[in-house]
Undergrad: 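The structure's right below; bear with me while I get my questions together.
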Amino acid sequence: MKSILRCFYAELLKTKRTLALLLCAVAPLLIGIFMVAMYLRDADYFMKRAGLNPWDQFTEMGLVYWTLLLVPLFIPLVTALLAQFEHNRHNWKLIYTLPNPRWATFFAKWLVTQGLMLLCFTELVLIIFTSGKLLNLINPGYGFSETFPIGNTIKFAGIAYLACWILISIHTWIGMRFSSFPLALGIGIFATVGALFIFGQDVSYYYPWTMPGLTIIDTRDGVLHFLPMILGCPGGLIFTIPAAYNLSHREIG
């Protein structure tokens, strides 16, 4: 455990020198900008639906766009950036000569990515709330004077975050395993494009790149369907074992 904590602290310091933190600040903000622009463009349509709880629709829309469109591309980008810090500087030989087990480096990067994604989901909840209040100032007819459903929003965001764990584990391994940034990112893009073809089919429940989005849009008789989270969270933990083993026994050229 001490080895993981030492490596984790080192990774936190290195993260400040990458674009990962900036991306985490900007990516959720894009969702808020997009939704505000869409509500301003189609104001009449959304105000006609204000009799329904506008927060429910607004919150679901923000989380769906985030989990379906950005998360499957954002995680490969962040994990590749964190690994490129070592690849570009040829640091792997130095890191693996330090008095820490090799697997500790993998888990440290995995934990940093987990923290960054948790930060993103937290920021997204705040942005959804702020965007709704901004729209209400612009035009009270949107109906955002109603109480913000903070409990449900956190629940949905938390379940989607847990479903991301397997995606984080897979791309942390890919980013560390392959030195090519375009390759690591390209695998994520290719897998995300593949998700478009299988979305809505039964296999999508077992496909890591669709799991986060399914936690938001898949309900059964009004009840949230937990299967993507149940598979994604433990699956992410399980995948770390062979991933860490593979990286620990890999020859460094």
Undergrad: Side-chain heavy atoms under 4.5 angstrom apart, residues restricted to Ile, Leu, Val, Met, Phe, Trp, Tyr: same cluster for Phe106 and Leu237?
TA: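 Per the 4.5 Å side-chain linkage, Phe106 and Leu237 are co-clustered.
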Undergrad: Looking at Thr210 and Ala195, would you say the former's side chain and the latter's main chain have a donor-acceptor pair under 3.5 Å?
TA: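 Side chain of Thr210 to backbone of Ala195: no pair is present.
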Undergrad: Side-chain contact, heavy-atom cut-off 4.5 Å: Glu60 with Asp56?
TA: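 No, side chains not in contact.
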Undergrad: So how far is it from Tyr205 OH to Thr215 OG1, rounded to the nearest 0.5 Å?
TA: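 Between atom OH of Tyr205 and atom OG1 of Thr215 there are 11.5 Å.
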Undergrad: Could you please spell out the steps behind the side-chain contact (heavy atoms from CB on, under 4.5 Å) verdict for Phe74 and Val78?
TA: CA-CA 6 Å; Phe74 185 70; Val78 169; 3.6 Å; yes
Undergrad: Please determine whether the number of non-hydrogen atoms from other residues, nucleotides or ligands lying under 6.0 Å from atom CZ of Phe85 exceeds 12.
TA: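 More than 12 within 6.0 Å, yes.
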Undergrad: Just verifying a value: how many Å separate Leu68 CG and Thr192 OG1, rounded to the nearest 0.5 Å?
TA: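 Taking CG in Leu68 and OG1 in Thr192, the distance rounds to 10.5 Å.
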Undergrad: Can you check whether Phe199 reaches Leu214 side chain to side chain, under 4.5 Å on heavy atoms?
TA: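 In short, these two side chains touch, coming nearer than 4.5 Å.
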Undergrad: Identify the heavy atoms of Pro212 and Pro208 that sit nearest to each other, and give their distance.
TA: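 Heavy atoms of Pro212 and Pro208 come nearest at CD-O, 3.4 Å.
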Undergrad: Ignoring hydrogens and angles, tell me if any N or O in the side chain of Gln114 forms a donor-acceptor pair with the backbone of Ile168 under 3.5 Å.
TA: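 Between the backbone of Ile168 and the side chain of Gln114 there is no qualifying donor-acceptor contact (under 3.5 Å).
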Undergrad: Quick check: closest heavy atoms across Ala163 and Pro228, and the distance to 0.1 Å?
TA: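 Between these two residues, the closest heavy atoms are CB-O, 3.9 Å.
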Undergrad: Is the distance between the ring centroids of His249 and Trp103 under 6.0 Å?
TA: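 So the answer is no for these two rings.
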Undergrad: CZ of Phe107 to CG of Leu247: how many Å apart, nearest 0.5 Å?
TA: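 Nearest 0.5 Å value for the CZ-CG distance: 10.0 Å.
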Undergrad: If you compare all heavy atoms of Leu70 against all heavy atoms of Ala27, which two are closest, and at what distance to 0.1 Å?
TA: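 Answer, listing the atom of Leu70 first, then Ala27: CD1-O, 3.7 Å.
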Undergrad: Using the rule given for side-chain contact (heavy atoms from CB on, under 4.5 Å), can you reason through Thr67 versus Phe121, listing the C-alpha separation, both sets of side-chain angles and the distance that settles it, and then say yes or no?
TA: CA-CA 10 Å; Thr67 55; Phe121 273 93; 4.3 Å; yes
Undergrad: Which of these passes side-chain contact (heavy atoms from CB on, under 4.5 Å) with Thr79: Thr113, Leu116, Ile170, Leu185?
TA: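 Among the candidates, only Thr113 passes.
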Undergrad: Taking the side chain as every heavy atom from C-beta outward, state whether Tyr161 and Thr122 have any atom pair closer than 4.5 Å.
TA: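 Result no, sub-4.5 Å side-chain heavy-atom pair not found.
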Undergrad: Are the side chain of Ser131 and the backbone of Ile128 linked by a donor-acceptor contact shorter than 3.5 Å?
TA: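 Not a single qualifying donor-acceptor pair exists.
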Undergrad: Going hydrophobic residue to hydrophobic residue with side-chain gaps under 4.5 angstrom, can you get from Leu183 over to Ile189?
TA: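 Linked, Leu183 and Ile189 end up in one cluster.
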Undergrad: Between Val71 and Met117, is there a side-chain heavy-atom distance shorter than 4.5 Å?
TA: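 The answer is yes, as the side chains (C-beta and beyond) meet within the 4.5 Å cut-off.
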Undergrad: Is the number of heavy atoms from other residues, nucleotides or ligands under 6.0 Å of Asn88 CG greater than 12?
TA: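 Yes, CG of Asn88 has more than 12 neighbouring heavy atoms, counting only those of other groups under 6.0 Å.
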Undergrad: Same cluster for Met38 and Ile33 if Ile/Leu/Val/Met/Phe/Trp/Tyr side chains link at under 4.5 Å?
TA: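 No, it is not one cluster - the side chains of Met38 and Ile33 are not joined through contacts under 4.5 Å.
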Undergrad: Where is the tightest heavy-atom contact between Pro76 and Gly188, given as atom of each residue plus distance?
TA: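 Closest heavy-atom pair between Pro76 and Gly188: CG-CA, 3.8 Å.
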Undergrad: side-chain contact (heavy atoms from CB on, under 4.5 Å) between Ile127 and Met35: does it pass, once the steps are laid out?
TA: CA-CA 10 Å; Ile127 286 174; Met35 290 197 301; 5.9 Å; no
Undergrad: Could you tell me whether the side chain of Leu167 reaches within less than 4.5 Å of the side chain of Met211, counting heavy atoms only?
TA: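 They are not in contact (no side-chain heavy atoms under 4.5 Å apart), so the answer is no.
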Undergrad: Between Trp173 and Phe239, is any pair of side-chain heavy atoms under 4.5 Å apart?
TA: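 A side-chain contact exists here, since the closest heavy-atom pair is under 4.5 Å.
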Undergrad: Rounded to the nearest 0.5 Å, how far apart are CH2 of Trp209 and CD1 of Ile166?
TA: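 Reported to 0.5 Å precision, the distance equals 8.0 Å.
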Undergrad: Of the non-hydrogen atoms in Glu123 and Cys24, which two are nearest, and what is the gap between them?
TA: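 The pair with the smallest heavy-atom distance is OE1-O, 2.8 Å.
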Undergrad: Kindly assign one of parallel, tilted or perpendicular to the pair Trp55 and Phe144, based on the angle between their ring planes and the thresholds 30° and 60°.
TA: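 Plane angle over 60°, so perpendicular.
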Undergrad: Between Asn152 and Lys155, does a side-chain contact (heavy atoms from CB on, under 4.5 Å) hold up when you go through it step by step?
TA: CA-CA 5 Å; Asn152 278 338; Lys155 180 183 73 173; 3.8 Å; yes
Undergrad: Is the shortest side-chain heavy-atom distance between Thr59 and Phe129 below 4.5 Å?
TA: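 Not in contact.
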Undergrad: Could you tell me whether a side-chain N or O of Lys14 sits under 3.5 Å from a main-chain N or O of Leu82, the two making a donor and an acceptor?
TA: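 No; zero donor-acceptor contacts below 3.5 Å.
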Undergrad: Hey, any chance Val112 and Val26 share a hydrophobic cluster, counting ILVMFWY side chains that come within less than 4.5 Å of each other, even indirectly?
TA: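 Yes, because Val112 and Val26 connect within a single hydrophobic cluster, where side-chain heavy atoms sit under 4.5 Å apart.
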Undergrad: Hey, what do you get for CZ (Phe156) to CG (Leu63), rounding to the nearest 0.5 Å?
TA: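 Rounded to the nearest 0.5 Å, the CZ-CG separation comes out at 8.0 Å.
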Undergrad: Once rounded to the nearest 0.5 Å, what's the spacing between atom CD1 of Ile174 and atom OG of Ser180?
TA: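 Rounded to the nearest 0.5 Å, the CD1-OG separation comes out at 12.0 Å.
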Undergrad: Show the nearest heavy-atom pair for residues Ala20 and Thr15, with the distance to one decimal.
TA: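 Heavy atoms of Ala20 and Thr15 come nearest at CB-CG2, 4.4 Å.
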Undergrad: Step through it carefully: locate the ring centre of Tyr39, locate the ring centre of Phe58, and say whether they are under 6.0 Å apart.
TA: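 Yes; Phe58 has its ring centre under 6.0 Å from that of Tyr39.
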Undergrad: I'd like to check Leu77 versus Phe181 (side-chain heavy atoms, cut-off strictly below 4.5 Å). Are they in contact?
TA: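 With C-beta onward as the side chain, the pair touches.
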Undergrad: Check for me, please, whether Ile217 and Met229 land in the same ILVMFWY cluster - side-chain distances under 4.5 Å, paths through other members count.
TA: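 They do share one cluster, since a chain of ILVMFWY contacts under 4.5 Å joins Ile217 to Met229.
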Undergrad: Dump the intermediate steps for side chain to side chain donor-acceptor pair (under 3.5 Å) on Trp110 and Thr240, then the final yes or no.
TA: CA-CA 9 Å; Trp110 184 80; Thr240 60; over 6 Å; no
